[in-house]
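Only one structure is covered here, and it is reproduced in the block below.
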Amino acid sequence: SVKEKTKNGFEFYTPEINQNLQRKVTLQKQLRMALENNEFELNFQPQLDLEHERISGVEALVRWNNKEFGYIPPSEFIPLAEETNLILPLGKWIMREACRQNKKWQEQGFPPLTIAVNVSMKQFNEYNFVESVSQILSETKLNPQYLELEITEGIAIMDHSITIKKLHALKNLGVKISIDDFGTGYSSFGYLQKYPINILKIDKSFISGIATNKENAAIVQCILSLAQHLNLKVVAEGVETKADLEFLLGTTCKYAQGYYVGYPMTTEKFERKLLSLKQSLSGGI
Ligand code: C2E
Ligand code: MG
Ligand code: MG
Ligand code: MG
């Protein structure tokens with residue numbers, strides 16, 4: 001409850017709670033108009049293929065800039081969008097925009113990248129989620145093999161026949177499924193072999209500082225071994241330093257994402273990064 005009780009039973013709102021509540025209510029109102037007002041954009045964070053030393057993928061991350069509130073992080077507004085169901089149109093917009101942009105890069109002659117899109121629980125549970133992904137793929141003409149859907153363990157462990165059907169339908173479409181923030185959720189591994197999952201993204205809390213944290217190193221080695229046996233690709237998230245990256249180079253992990261590889265960037269900045277890499281590689285580093 002947001003209310004606090006005094007000794008004699010009176011209830012009152014503390015100024016802080018009141019302020020938080022007010023911000024939430026106003027943000028929710030702003031959120032409803034934000035899509036029409038074009039206040040959202042996507043940022044793109046590179047994923048590095050460690051074996052071939054090239055960018056092989058990119059994660060799309062939504063950004064919201066509001067006139068009144070300025071930048072609001074997704075950790076704050078995604079839960080609000082879920083509460084209000086606004087995540088449904090917003091999620092579709094993100095998916096379409098990510099596929100459209102990825103197709104555009106391919107048409108511009110960049111080496112093909114896989115684009116990873118975060119899917120929220122409510123979005124996944126919408127009855128026509130698979131159809132809407134399929135529709136967006138044909139609309140944007142993106143080859144499904146270049147789309148990856150990031151779901152959370154919460155979705156994966158839902159033991160509903162509908163969930164399993166949806167995951168198989170997505171697999172049949174040709175898109176890939178990854179488990180985001182792996183290691184922070186549930187300890188059940190059963191779903192990993194039961195469901196058609198392609199990728200584990202190890203949560204950043206295990207990766208940042210891994211070179212000097214023996215416990216995290218042990219957990220990561222364990223996940224890598226599990227993934228190898230189940231034939232799953234692994235992406236390490238939260239690679240923040242050279243030491244983090246060097247540690248991973250000594251493991252079986254083949255993909256890295258994080259500030260050290262590249263921050264989430266605007267389209268223009270990301271394109272410049274791709275171009276500069278192309279040049280430095282053809283220049284022979
Ligand atoms: P996530 O899917 O795990 O995304 C990775 C988050 O970690 C991003 O935060 C990214 O900016 C941040 N990050 C990347 N590299 C590093 C690093 O080296 N160190 C640290 N400390 N952080 C790093 P962001 O963009 O603030 O997003 C937070 C979360 O919000 C995401 O976590 C995701 O769950 C959600 N989110 C973001 N964009 C979307 C979206 O388009 N749709 C949905 N449904 N959720 C989204
Ligand atoms: Mg993600
Ligand atoms: Mg996520
Ligand atoms: Mg994550």
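The chain is numbered in sequence order, starting from 1. Ligands are counted one by one from 1 in listed order, and the atoms in each one are counted from 1 as well.
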Pick one of side chain, backbone, both or neither for how I94 approaches ligand 1, counting any non-hydrogen atom pair under 4.0 Å. side chain
I want to confirm something. Looking only at heavy atoms, which of D180, V119, T152 is nearest to atom 2 (O) of ligand 1? D180
Donor-acceptor pair, S134 side chain versus V130 backbone, under 3.5 Å? no
Look at atom 23 (C) of ligand 1 and find which of Y259, W93, Y263 reaches it with the closest heavy atom. Y259
Is it true that, when you exclude E83 itself, more than 12 heavy atoms of the residues, nucleotides or ligands shown sit nearer than 6.0 Å to its CD? yes
Under 4.0 Å from one or more heavy atoms of S120, ligand 1 contributes atoms 44 (N)
If hydrogens are left out, which of K204, E97, Q257 has an atom nearest to atom 6 (C) of ligand 1, that is, the closest non-hydrogen atom? K204
Vertex the Mg ion (ligand 2), rays to OE1 in E150 and OE2 in E59 - rounded to 10°: 100°
Hey, is P264 one of the residues with a heavy atom under 4.0 angstrom from ligand 1? yes
Can you tell me how far the CD atom of E82 sits from the CZ atom of F77, to the nearest 0.5 Å? 11.5 Å
Taking the six-membered ring of Y260 as reference, does the cationic atom of K242 (NZ for Lys, CZ for Arg) lie under 6.0 Å from its centre and within 45° of its axis? no
S208: heavy atom below 4.0 Å from ligand 1, yes or no? no
Flag for K233-N198: side-chain donor and acceptor within less than 3.5 Å: no
Note: ligand 1 atoms sitting under 4.0 Å from heavy atoms of Q45 are 14 (C), 15 (N)
Nearest 10°: the angle subtended at the Mg ion (ligand 4) by E237 OE2 and D180 OD1? 80°
Within the side chain of S208, is there an N or O that forms a donor-acceptor pair under 3.5 Å with the backbone of K204? yes
Would you kindly specify which portion of E237 sits under 4.0 Å from ligand 1, judged on non-hydrogen atoms: side chain, backbone, both or neither? side chain
Using a 4.0 Å heavy-atom cut-off, which part of K201 comes near ligand 1: side chain, backbone, both, or neither? neither
Contact check, side chains of I151 and D180, non-hydrogen atoms, under 4.5 Å: no
Does G262 offer a backbone N or O that forms a donor-acceptor pair with the side chain of Q45 under 3.5 Å? yes
Does S75, backbone or side chain, put an N or O under 3.5 Å from an N or O of ligand 1? no
Parallel, tilted or perpendicular for F44 and W105, by the 30°/60° rule? perpendicular
Under a plain distance cut-off of 3.5 Å, with no hydrogens placed, do N65 and E39 share a side-chain donor-acceptor pair? no
Would you say E97 and Q101 are linked by a side-chain donor-acceptor pair, where the criterion is simply a distance under 3.5 Å? no
Of all the atoms in ligand 1, which lie at a distance below 4.0 Å from a heavy atom belonging to G258? 15 (N), 18 (O)
Looking at D181, pick out the N, O or S atom nearest to the Mg ion (ligand 4) and give its name. OD1
Per-atom contacts, ligand 1 versus E59 - under 4.0 Å to a heavy atom: 2 (O), 4 (O)
Examine the proximity of ligand 1 to L42 and report which part, side chain or backbone, both or neither, has a heavy atom under 4.0 Å away. neither
For ligand 1, note which part of R63 has a heavy atom under 4.0 Å away: side chain, backbone, both or neither. side chain
